[in-house]
Amino acid sequence: MLSIENIRENPDEVRRALQTRGEDDSITEVLELDAQIRAAITQRDDLNAERNRVSREIGQARSQGQEASEEVRAEMRNIGDQADALNQRTKELGDQINELMLTLPNLPQADVPVGEDESGSVIIRQNGEPPVFDFEPKPHWDLGPELGIIDFERGTKLAGSRFYNMLNHGPKLERALIAFMLDLHSNEHGYTEISLPAVVKREIMEGSGNLPKFADQLYHDAEDDLWLIPTAEVPITNLYRDEIIPANTLPLKYVAQTPCFRRERASAGRDTRGIKRVHQFNKVEMYQFVEPETSNQELEKLVDNAEDVCRKLGFTYRVLQLCTGDMGFASSKTYDIEVWAAGCQEWLEVSSCSNCTDFQARRSNIRYRTEEGGRPRLPHTLNGSGLALPRVMIAILENYQQPDGSVVIPEVLRSYTGFDVIPAKTA
RNA sequence: GGAGAGAUGGCUGAGUGGACGAAAGCGCCGGUCUCGAAAACCGGUAUGGGGGCAACCUUAUCGUGGGUUCGAAUCCCACUCUCUCCGCCA
């Protein structure tokens with residue numbers, strides 16, 4: 001959620017910033033409603049003050065044995081009715097404003113490149129070069145079934161398109177990767193490991209920015225109004241919902257592994273082969289609550305934490321800064337990390353790291369104190385994948401495949417997998 | 001799923017129609033005392049909104065939403081959550 005104060009004070013600036021994201025302008029409407037609600041609030045509060053004053057007098061008089069006249073009570077009844085009507089009005093206006101505000105994305109920071117779509121995003125740096133193979137590297141949708149570790153057909157049988165099963169060395173490798181990443185971030189990068197519910201209440205989805213606007217991308221249980229999380233970012237954001245975090249606690253850094261559920265309705269027909277884009281996948285997610293002054297600098301470190309995984313796995317990767325039109329709804333600044341996959345000859349997005357500034361904190365009513373007794377402030381929130389498992393699996397299978405069809409396990413993972421190689425199936 | 005009990009400030013907990021944003025204690029902050037600390041004593045200590053340059057004024061909030069009343073933490077209705085017991089169960 002954007003700051004209403006900021007919209008009041010700098011409407012043109014906000015308008016311009018939203019336009020760079022391709023947003024329709026509802027600022028004018030917000031300002032109009034805001035003026036109306038403030039007038040109504042002033043009136044209502046004046047009436048309430050009058051009623052409170054007279055009611056106190058009635059109480060005092062009564063304690064001295066004097067009953068209020070029917071005339072006075074009728075007048076107070078009338079004032080009360082007027083106040084109730086105005087109160088109703090402020091609620092309606094408040095709902096309208098809220099509804100509009102919930103659909104407005106975060107403002108991009110000044111140094112974010114302006115652009116309409118992913119073509120406007122900028123490659124910041126690259127680590128390594130795509131390796132050259134002396135044989136034709138296979139894509140994972142061939143390798144997986146050939147190695148007997150991915151079963152697409154039976155996954156589809158169970159849950160439909162974009163679901164799959166893994167077996168034998170497949171799930172073992174994924175399990176090893178998860179353990180490796182969680183250990184790296186919690187032991188070396190200072191994150192607290194946390195495990196979380198995979199479903200959340202409606203207001204939790206609103207707090208993170210996924211609802212109301214992106215309901216069609218989420219799986220929903222209508223019976224209990226529970227929503228399946230598309231990322232651990234959703235529950236972590238709301239950990240401190242409606243709380244004031246005590247002084248001297250920030251930064252708070254969490255790392256979690258959860259399943260992620262995405263309907264991918266907007267991507268129908270895209271990436272239909274393999275496990276690049278599926279409805280359910282595991283992801284290790286990093287998340288931070290930080291002081292506003294440090295958020296951009298912490299974002300750089302968070303990106304490096306994600307890059308560290310890539311480096312340790314020996315990946316060729318590049319870091320992109322997303323342009324205004326390509327960023328997520330809640331983000332003010334985003335870096336993506338893409339790793340090279342030799343089989344499908346593609347850069348795969350394995351991580352997206354964002355500074356959401358105070359956008360999620362305001363939506364979720366998360367505050368903190370800088371010092372004991374100080375005024376509460378909104379913290380900034382950061383999130384970043386560290387990393388998404390299926391695409392890491394793709395990169396390992398495709399980049400570490402051998403001419404004989406086997407796949408070598410990266411050195412750092414071997415203590416976790418307990419094997420050095422996924423052997424080719426001897427037909 | 002069945003039965004019962006409950007939900008008040010950072011915490012414990014009082015308050016059952018009138019000066020209550022709310023006693024008291026604990027905690028925390030500041031001060032006195034002390035070489036220093038502890039103890040003791042004194043003072044302070046919720047959040048959001050509206051108005052105002054400010055001092056400040058005002059409003060709302062006692063799980064949530066409605067209702068009764070001139071006036072609700074207190075009375076009525078609905079809901080949510082927590083705890084205990086029973087049942088079922090990974």
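Lettering follows sequence order; numbering is per chain, from 1.
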Q: Counting the atoms with a prime plus P, OP1 and OP2 as sugar-phosphate, which does A:Ile41 contact under 4.0 Å by heavy atoms, base, sugar-phosphate, or nothing?
A: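 The answer is sugar-phosphate, as A:Ile41 gets under 4.0 Å only of primed atoms, P, OP1 or OP2.
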Q: If the C1' atom of B:rG65 is compared with that of B:rC26, how far apart are they to the nearest Å?
A: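 Each nucleotide's C1' atom is 34 Å from the other's.
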Q: One thing to verify: whether A:Glu57 and A:Arg53 come together as a salt bridge, which I'm taking to mean a side-chain N less than 4.0 angstrom from a carboxylate O.
A: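 Yes, this pair counts.
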Q: If you measure from the P atom in B:rC29 to the same atom in B:rA37, how many Å do you get, rounded?
A: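 So the two P atoms sit 14 Å from each other.
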Q: Does A:Lys91 have a side-chain nitrogen or oxygen under 4.0 Å from the phosphate oxygens OP1 or OP2 of B:rA60?
A: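 Looking at the OP1 and OP2 atoms of B:rA60, neither is under 4.0 Å from any side-chain N or O of A:Lys91.
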Q: At 4.0 Å (heavy atoms only), tell me whether A:Lys201 reaches a base, stays on the sugar-phosphate, or touches nothing.
A: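 Result for A:Lys201 = nothing.
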Q: If I take atom CD in residue A:Glu70 and atom C1' in nucleotide B:rC70, what distance separates them, rounded to the nearest angstrom?
A: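 Taking CD of A:Glu70 and C1' of B:rC70, I get 10 Å after rounding.
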Q: Nearest-Å distance, CG (A:Asp84) to C1' (B:rG71)?
A: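 One finds 13 Å between C1' of B:rG71 and CG of A:Asp84, rounded.
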Q: Carefully, step by step, assess A:Asn210 and A:Trp227 under the rule side chain to side chain contact (heavy atoms under 4.5 Å, CB included).
A: CA-CA 10 Å; A:Asn210 299 77; A:Trp227 300 72; over 6 Å; no
Q: Is there a side-chain contact between A:Arg367 and the phosphate of B:rG48, meaning an N or O under 4.0 Å from OP1 or OP2?
A: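 True: A:Arg367 side-chain N/O within range (under 4.0 Å) of B:rG48 OP1/OP2.
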Q: Can you tell me if A:Asn52 touches the phosphate of B:rG71, counting only side-chain N or O atoms and a distance under 4.0 Å to OP1 or OP2?
A: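 For B:rG71, OP1/OP2 do not have a side-chain N/O of A:Asn52 under 4.0 Å.
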Q: From CG of A:Asn48 over to P of B:rG49, roughly how many Å is that when rounded to an integer?
A: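 Result: 18 Å.
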Q: Using only side-chain N and O atoms of A:Arg77, determine if any of them is under 4.0 Å from OP1 or OP2 of B:rU69.
A: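 Looking at the OP1 and OP2 atoms of B:rU69, neither is under 4.0 Å from any side-chain N or O of A:Arg77.
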Q: Please give the distance between the C1' atoms of B:rG71 and B:rA55 as a whole number of Å.
A: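 The same atom, C1', in both gives a distance of 31 Å.
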Q: Have a look at A:Arg202 and say if it touches a base, only the backbone sugar-phosphate, or nothing, with a 4.0 Å heavy-atom cut-off.
A: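 Nothing, no heavy atom under 4.0 Å.
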Q: Would you kindly give the CG-to-C1' distance between A:Leu93 and B:rG50, to the nearest whole Å?
A: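 It is 14 Å, rounded to the nearest whole Å.
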Q: Round to the nearest Å and state the distance from A:Glu50 atom CD to B:rG71 atom C1'.
A: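 Taking CD of A:Glu50 and C1' of B:rG71, I get 14 Å after rounding.
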Q: Quick one: do A:Asp308 and A:Arg311 make a salt bridge, cutoff under 4.0 Å?
A: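 A salt bridge is present here (some side-chain N lies under 4.0 Å from a carboxylate O).
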Q: Which residue, A:Glu5 or A:Val72, contacts RNA chain B at a nucleotide closer to its 5' end, judged by nearest heavy atom?
A: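 Looking at the nearest nucleotide for each, A:Glu5 comes out on the 5' side.
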Q: For the P atoms, the ones on B:rA72 and on B:rG21, what distance do you get once it is rounded to whole angstrom?
A: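 The same atom, P, in both gives a distance of 11 Å.
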Q: Specify whether A:Phe214 and A:Phe329 have parallel, tilted or perpendicular ring planes, treating 30° as the upper limit for parallel and 60° as the lower limit for perpendicular.
A: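 Plane angle over 60°, so perpendicular.
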Q: Taking only the C1' atom of each, what is the distance from B:rA14 to B:rU74 in whole angstrom?
A: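 These two C1' atoms come out 13 Å apart once rounded.
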Q: From CD of A:Glu75 over to P of B:rG71, roughly how many Å is that when rounded to an integer?
A: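 A:Glu75 atom CD is separated from B:rG71 atom P by 13 Å.
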Q: Work out how far the P atom of B:rG10 is from that of B:rG1, and round it to whole angstrom.
A: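 33 Å, rounded to whole Å.
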Q: Hey, what's the ring geometry for A:Tyr191 with A:His185, parallel, tilted or perpendicular (30° and 60° as the breaks)?
A: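 Rings of A:Tyr191 and A:His185: perpendicular, as their planes differ by over 60°.
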Q: Could you spell out the base pairing of RNA chain B in dot-bracket, with Watson-Crick or G-U pairs whose two distances are under 3.5 Å, [ ] crossing and | to another strand?
A: ((((((((.[[[..)..(.....]]]((((((.......))))))((((((....)))))).[[[[[..)....]]]]])))))))....
Q: To the nearest Å, how far apart are A:Gln43 CD and B:rU58 P?
A: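 Nearest whole value for this atom pair: 19 Å.
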Q: In whole Å, what separates the P atom of B:rA23 from that of B:rG15?
A: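 That atom pair is separated by 14 Å.
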Q: Would you call the rings of A:Tyr240 and A:Phe289 parallel, tilted or perpendicular, where under 30° means parallel and over 60° means perpendicular?
A: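 Perpendicular, since the angle between the ring planes exceeds 60°.
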Q: Using 30° and 60° as the class limits, which term best fits the ring planes of A:Phe152 and A:Tyr164: parallel, tilted or perpendicular?
A: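 Plane angle between 30° and 60°, so tilted.
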Q: Is it the case that over 12 heavy atoms from other parts of the model lie below 6.0 angstrom from the CD atom of A:Glu75?
A: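 For A:Glu75, atom CD is not crowded (no more than 12 foreign heavy atoms under 6.0 Å).
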Q: Salt-bridge test for A:Arg277 and A:Glu349: reply yes if a basic N is under 4.0 Å from a carboxylate O, no otherwise.
A: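 Between A:Glu349 and A:Arg277 there is no salt bridge, as every charged N stays at least 4.0 Å from the carboxylate O atoms.
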Q: Is A:Ile244 touching bases, backbone alone, or none of the nucleic acid, heavy atoms closer than 4.0 Å?
A: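 Sugar-phosphate, no base atom in range.
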Q: With C1' as the reference atom in both, quote the distance from B:rC33 to B:rC41 in angstrom, rounded to an integer.
A: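 B:rC33 and B:rC41 have their C1' atoms separated by 9 Å.
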Q: Identify whether any heavy atom of A:Arg369 sits under 4.0 Å from a base atom; if not, whether one sits that close to sugar-phosphate; answer base, sugar-phosphate or nothing.
A: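 A:Arg369: backbone/sugar contact only, no base atoms under 4.0 Å.
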Q: Mind checking A:Asn365 for me? I need base, sugar-phosphate or nothing, with any heavy atom below 4.0 Å counting as a touch.
A: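 The residue A:Asn365 makes no contact with any strand.
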Q: B:rG71, B:rU47, B:rU59: which one has an atom nearest the side-chain heavy atoms of A:Arg375?
A: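 Closest nucleotide among those given: B:rU47.
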Q: Nearest whole Å is fine: how far is B:rG51 C1' from A:Asp45 CG?
A: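 Taking CG of A:Asp45 and C1' of B:rG51, I get 9 Å after rounding.
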Q: Which comes earlier along RNA chain B counting from the 5' end, the contact point of A:Gly80 or that of A:Asp34, where each point is its nearest nucleotide?
A: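 Result: A:Asp34.
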Q: Answer yes or no: side-chain N or O of A:Arg38 and base N or O of B:rG50 forming a donor-acceptor pair under 3.5 Å.
A: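 Between B:rG50 and A:Arg38, which were checked side chain against base, a qualifying N/O pair under 3.5 Å is absent.
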